[in-house]
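Chain letters run A, B, ... following the sequence lines, proteins first, then strands; residues in each count from 1.
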Amino acid sequence: MPKYWLLKSEPESFSIQDLARCPKKTTSWSGVRNYQARNYMRDEMKTGDRVLFYHSSADPTAIVGTAKIVKEGYPDPTAWDKNDDHYDPAASPENPRWSMVDIQLDEIFKTPLPLEQLRKVAALKKMELLRKGSRLSVQPVTKEEFEAVLKLARS
DNA sequence: GCCAACGTTGGC
DNA sequence: GCCAACGTTGGC
């Protein structure tokens, strides 16, 4: 049974269109520096899990497509790269501290689903993304929520 | 181990 | 740009 997730990205730094241009439409999800998000990637994400791709700090903020996990949690080497924006002096190859997964694009929605629209959907009432103050950049999504989002994208 | 100060996220 | 809602840090 696959699990379901939502990944946030600021399109100014990495958009779903950028993902479409990657070799094999695949990228490593590096740079996450939050323990809860790391734990999901390191411990719970499995190959074949499905992903909703969300554009934060965008106009409008919206779920813009889907992807899947193609490689399970492994060390994030940007953590010990001094020139990387997400450099962490406490991380090293011996003690990686941060993890990432690889994702591959499945689909870019013809029409993005903005937050405003998602808030109107009864099936998504409890979705973590829509909770006030929700900041987690890697979130679990229920099967029901994932399917409700897909249904919206096709309507 | 508490908690105030600080830094960050992210919608608006 | 504002600011609410976080998460992290570090003094004690």
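- Per the geometry, CG belonging to A/Asp88 stands 17 Å off P belonging to B/dG7, to the nearest Å.
- A/Asp49 places no side-chain N or O within 3.5 Å of a backbone atom of A/Ile69 that could act as its donor or acceptor partner.
- Using a 4.0 Å cut-off between charged nitrogen and carboxylate oxygen, A/Arg38 and A/Asp43 do not count as a salt-bridge pair.
- Rounded to whole angstrom, the span from the CG atom of A/Leu118 across to the P atom of B/dC12 amounts to 11 Å.
- Taking the side chain of A/Arg135 as heavy atoms from C-beta on, and the options B/dG11, B/dT8, B/dG10, the nearest nucleotide is B/dT8.
- Atom CD of A/Gln139 and atom P of B/dT9 are 15 Å apart (whole Å).
- At the phosphate of C/dA4, neither OP1 nor OP2 sits under 4.0 Å from any side-chain N or O atom of A/Lys132.
- At B/dT9, none of the side-chain N or O atoms of A/Lys8 fall inside 4.0 Å of OP1 or OP2 (strictly under the cut-off).
- Between A/Leu136 atom CG and C/dA5 atom P the separation is 17 Å, expressed in whole Å.
- The interatomic distance linking A/Tyr54 (OH) with B/dG10 (C1') rounds to 8 Å, in whole Å.
- Atom pair A/Met127:CE and B/dG11:P shows a separation of 13 Å (rounding to whole Å applied).
- Within the 4.5 Å cutoff, no side-chain heavy atoms of A/Val51 are placed close to those of A/Val141.
- Under the 30°/60° scheme for interplanar angles, the aromatic rings of A/Phe146 and A/Tyr4 are found to be tilted.
- Residue contacts shown for A/Arg119 are limited to sugar-phosphate atoms, with no base heavy atom under 4.0 Å away.
- None of A/Glu145, A/Gln139, A/Glu144 except one satisfies the side-chain contact (heavy atoms from CB on, under 4.5 Å) rule with A/Met127; the exception is A/Glu145.
- Between A/Glu10 atom CD and B/dG11 atom C1' there is a gap of 12 Å when expressed in whole angstrom units.
- Summarising the geometry, the separation between CG on A/Leu129 and P on B/dG10 is reported as 10 Å, rounded to the nearest angstrom.
- Applying the 4.0 Å criterion to OP1 and OP2 of B/dG10, one finds that A/Arg131 has every side-chain N and O outside that range.
- Each of C/dT8, B/dG11, C/dC6 was ranked by its minimum atom distance to the side chain of A/Tyr35; first place goes to C/dT8.
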